[in-house]
Amino acid sequence: LVASIVLLYCPRSAALVLLNAGLMLVDHVHFQFNGLVLGFLVLSIAALRKAAASLPSGSRGGGWSWGILGGAFFGALLVLKHLYLPLAPCYFLHLLFGFCYGSTGGHFSTGRFLALGLVVVIVMGLPF
């Protein structure tokens with residue numbers, strides 16, 4: 001309703017606002033940033049899936065780098081946009097049971113837990 005009134009009674013003002021390159025640029029950059037952040041979310045999920053696929057129960061080895069990389073991507077995601085913070089408990093539980101417990105035959109791996117925590121703290125501390 002307001003837009004119709006503005007277009008009807010103030011066409012020049014409406015044209016100046018609608019054709020403002022600054023507004024288009026800000027809007028475009030905003031959506032590009034959201035695409036980048038969504039890409040980090042997809043990368044973290046893909047790394048965690050790869051870690052789960054490369055670590056069958058009871059085995060040791062190949063999933064180290066993928067699990068840590070998934071945690072690092074999620075840490076970077078939280079630094080970029082804090083709106084993904086509600087996903088943190090899900091990631092924590094997945095990494096705790098899948099990476100720290102599940103990959104070592106049901107025994108808690110303190111080394112994996114500390115390595116994962118260190119990587120996430122470093123990634124989240126880099127911007128500061």
Side-chain angles (χ1 to χ4, degrees):
L1 179 66
V2 173
S4 316
I5 294 170
V6 170
L7 283 172
L8 193 65
Y9 293 108
C10 312
R12 287 185 187 164
S13 298
L16 286 175
V17 170
L18 293 175
L19 298 176
N20 184 349
L23 285 176
M24 286 188 244
L25 181 67
V26 167
D27 194 43
H28 185 65
V29 169
H30 172 76
F31 286 115
Q32 280 186 340
F33 178 73
N34 282 339
L36 171 82
V37 171
L38 189 60
F40 270 92
L41 178 64
V42 169
L43 283 172
S44 69
I45 292 171
L48 293 180
R49 288 182 54 98
K50 184 76 171 175
S54 64
L55 283 174
S57 62
S59 72
R60 296 175 184 251
W64 258 91
S65 58
W66 289 110
I68 289 179
L69 192 61
F73 278 134
F74 186 70
L77 173 72
L78 289 180
V79 168
L80 290 172
K81 195 156 191 170
H82 69 280
L83 250 95
Y84 289 96
L85 195 57
L87 292 177
C90 297
Y91 269 81
F92 175 74
L93 290 174
H94 178 78
L95 287 169
L96 180 67
F97 290 111
F99 184 70
C100 297
Y101 274 110
S103 60
T104 58
H107 296 76
F108 182 73
S109 172
T110 307
R112 285 181 178 231
F113 183 75
L114 291 176
L116 185 62
L118 181 67
V119 166
V120 170
V121 166
I122 287 172
V123 166
M124 294 186 80
L126 280 176
F128 305 106

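Keep in mind that what you see is a predicted model, and the values were worked out from it rather than measured. Just so it is clear, the values below take in all heavy atoms, side chains as well, and ignore hydrogens, waters and symmetry mates.
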Quick check on the hydrophobic clustering: are Leu77 and Val42 connected, directly or via other members, by side-chain heavy-atom contacts under 4.5 Å? no
Can Leu114 be reached from Val121 by stepping across I, L, V, M, F, W or Y side chains whose heavy atoms are under 4.5 Å apart? no
Can you tell me how the ring of Tyr91 sits relative to the ring of Phe74, calling it parallel under 30°, perpendicular over 60° and tilted otherwise? parallel
What class does the angle between the rings of Phe108 and Tyr101 fall in, given that below 30° is parallel, 30 to 60° is tilted and above 60° is perpendicular? tilted
For [X] and [Y], work out which heavy atoms get closest and say how close.
| X | Y | value |
| --- | --- | --- |
| Ile68 | Ala115 | CD1-CB, 4.0 Å |
| Gly70 | Ser44 | O-CB, 3.6 Å |
| Val119 | Ala72 | CG1-CB, 3.7 Å |
| Cys100 | Arg112 | SG-C, 4.2 Å |

Is there any side-chain hydrogen bond (donor to acceptor under 3.5 Å, both in side chains) pair reaching into residues 117-128, and which pairs are they, with sequence neighbours excluded? none
Enter the distance from His94:NE2 to Phe99:CZ here, rounded to the nearest 0.5 Å. 10.5 Å
When rounded to the nearest 0.5 angstrom, what is the spacing between CG in Leu48 and CG in Leu43? 11.0 Å
Quick one: are Leu95 and Phe113 in side-chain contact, heavy atoms under 4.5 Å? no
For a quick test of your reading: what N or O donor-acceptor pairs under 3.5 Å do the side chains of residues 79-89 make, sequence neighbours left out?
from	atom 1	to	atom 2	distance (Å)
Lys81	NZ	Asn34	OD1	2.6

Members sharing Leu126's hydrophobic cluster, built from side-chain contacts under 4.5 Å between Ile, Leu, Val, Met, Phe, Trp and Tyr, are Leu118, Ile122
